[in-house]
Amino acid sequence: MAKYNRILVKFSGEALAGENGFGIDSEILKFIAKEIKQLVEGGIEVGIVIGGGNIIRGVSAAASGIIKRTSGDHMGMLATVINAIAMREALEYAGMDVRVQSAIKMEAICETFIIGRAKRHLEKGRVVIFAAGTGNPFFTTDTAGTLRAIEIGADAIIKATKVMGIYDKDPQKFKDAKLLSKVTYDQALHDNIRVMDDTAIALAKDNALPIIVCNMFKSGNLYKIVDGGDLSSCSIVKN
Ligand code: UDP
């Protein structure tokens, strides 16, 4: 398998929280920075999308009935900006050149998303962190990540998770759960494989964007997959 030249890595907000389950764990940030640096030093162009679940999700914010779903989603998108700024700091601290581009204009804090500008940054070896999701309520950051991956012409979206990939059954509950090395988009949509929400998978399918699901906590794993093209310990969703 050939190496990927330009990728989009999607981290969930929860991943940043570490053991605490809330907020941002600086040790996790340092670890992620090390993993991303390996990619950048390998000449790979890296875009990043981070969720906001470690701070707030629109659906949960709206559950009380006091906050409208659209407002909850605005709060969720702002949470992703908080995470993006933290990630930018961690990557810069580790010596990388980084830009944050937000889907919602906030010029005192970061750039606004512009495809051409994002691509230019990537070509120059800068990591681009795409913040504020798609800028619209009722979407997820998985969909935002897929959308940005397609827009920047990434070779794949990497969904960085706590597990190795997609299993035939829940590996937390069943000891004999098997890792599926390849799943089609239709299987992912119809077999209720919760790898990403349906909107994200449908968008990836329409644009033939491979989705790679892998364990982000295994040191060197991202590099092995992206630079070495070694897909033996992860799952890929494609046709
Ligand atoms: N969100 C949104 N539009 C988007 C992306 C995200 O409204 O395009 C909001 C939504 O409320 C979501 C929250 O931002 O719950 C955080 O994103 P997500 O739940 O995808 O984060 P993750 O689960 O990856 O941490």
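In each ligand, atom 1 is the first atom listed, and ligand 1 is the first ligand listed.
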Is it true that [Y] and [X] share a donor-acceptor pair across their side chains at a distance under 3.5 Å?
| X | Y | answer |
| --- | --- | --- |
| Thr146 | Thr143 | no |
| Ser233 | Lys224 | yes |
| His121 | Glu111 | yes |

Checking the N or O distance criterion of under 3.5 Å, is ligand 1 in contact with [X]?
| X | result |
| --- | --- |
| Val59 | no |
| Gly53 | yes |
| Gly58 | yes |
| Gly52 | yes |
| Arg57 | yes |
| Gly13 | yes |

If hydrogens are left out, which of Asp142, Asp73, Ile50 has an atom nearest to atom 11 (O) of ligand 1, that is, the closest non-hydrogen atom? Asp73

Where is the tightest heavy-atom contact between Ala103 and Thr134, given as atom of each residue plus distance? CB-C, 3.7 Å

Closest heavy-atom contact between Gly153 and Arg6? O-CD, 4.1 Å

Going by the atom numbers of ligand 1, which of them fall below 4.0 Å from some non-hydrogen atom of [X]?
| X | result |
| --- | --- |
| Ser12 | 24 (O), 25 (O) |
| Gly133 | 4 (C), 5 (C), 8 (O) |
| Gly51 | 21 (O), 22 (P), 24 (O), 25 (O) |
| Thr134 | 4 (C), 8 (O) |
| Pro137 | 7 (O) |

Where do Lys124 and Asp97 land on the salt bridge (charged side-chain N to carboxylate O under 4.0 Å, His left out) test, with the steps shown first? CA-CA 9 Å; Lys124 287 183 174 168; Asp97 217 352; over 6 Å; no

With side chain to side chain donor-acceptor pair (under 3.5 Å) as the criterion, how do Thr184 and Asp186 come out once you've worked through the C-alpha distance, each side chain's angles and the decisive distance to 0.1 Å? CA-CA 5 Å; Thr184 65; Asp186 287 337; 5.5 Å; no

Can you tell me how the ring of Phe31 sits relative to the ring of Phe217, calling it parallel under 30°, perpendicular over 60° and tilted otherwise? parallel

How far is [atom] from its nearest protein heavy atom, and which residue and atom name does that atom have?
| atom | answer |
| --- | --- |
| atom 18 (P) of ligand 1 | Thr141 OG1, 3.3 Å |
| atom 6 (C) of ligand 1 | Phe139 O, 3.5 Å |
| atom 14 (O) of ligand 1 | Gly76 C, 3.1 Å |
| atom 3 (N) of ligand 1 | Asn136 O, 2.7 Å |

Side chain, backbone, both or neither: Lys10 near ligand 1, heavy atoms under 4.0 Å: side chain

Going by an N to O cut-off under 4.0 Å, is there a salt bridge joining Asp73 and Arg57? no

Close side-chain approach of Cys214 and Ile158, heavy atoms under 4.5 Å: yes

Does Lys34 use its side chain to pair, donor to acceptor, with the backbone of Ala94 at less than 3.5 Å? no

Say whether Ala79 and ligand 1 are in contact under the criterion: heavy-atom distance to a ligand atom below 4.0 Å. no

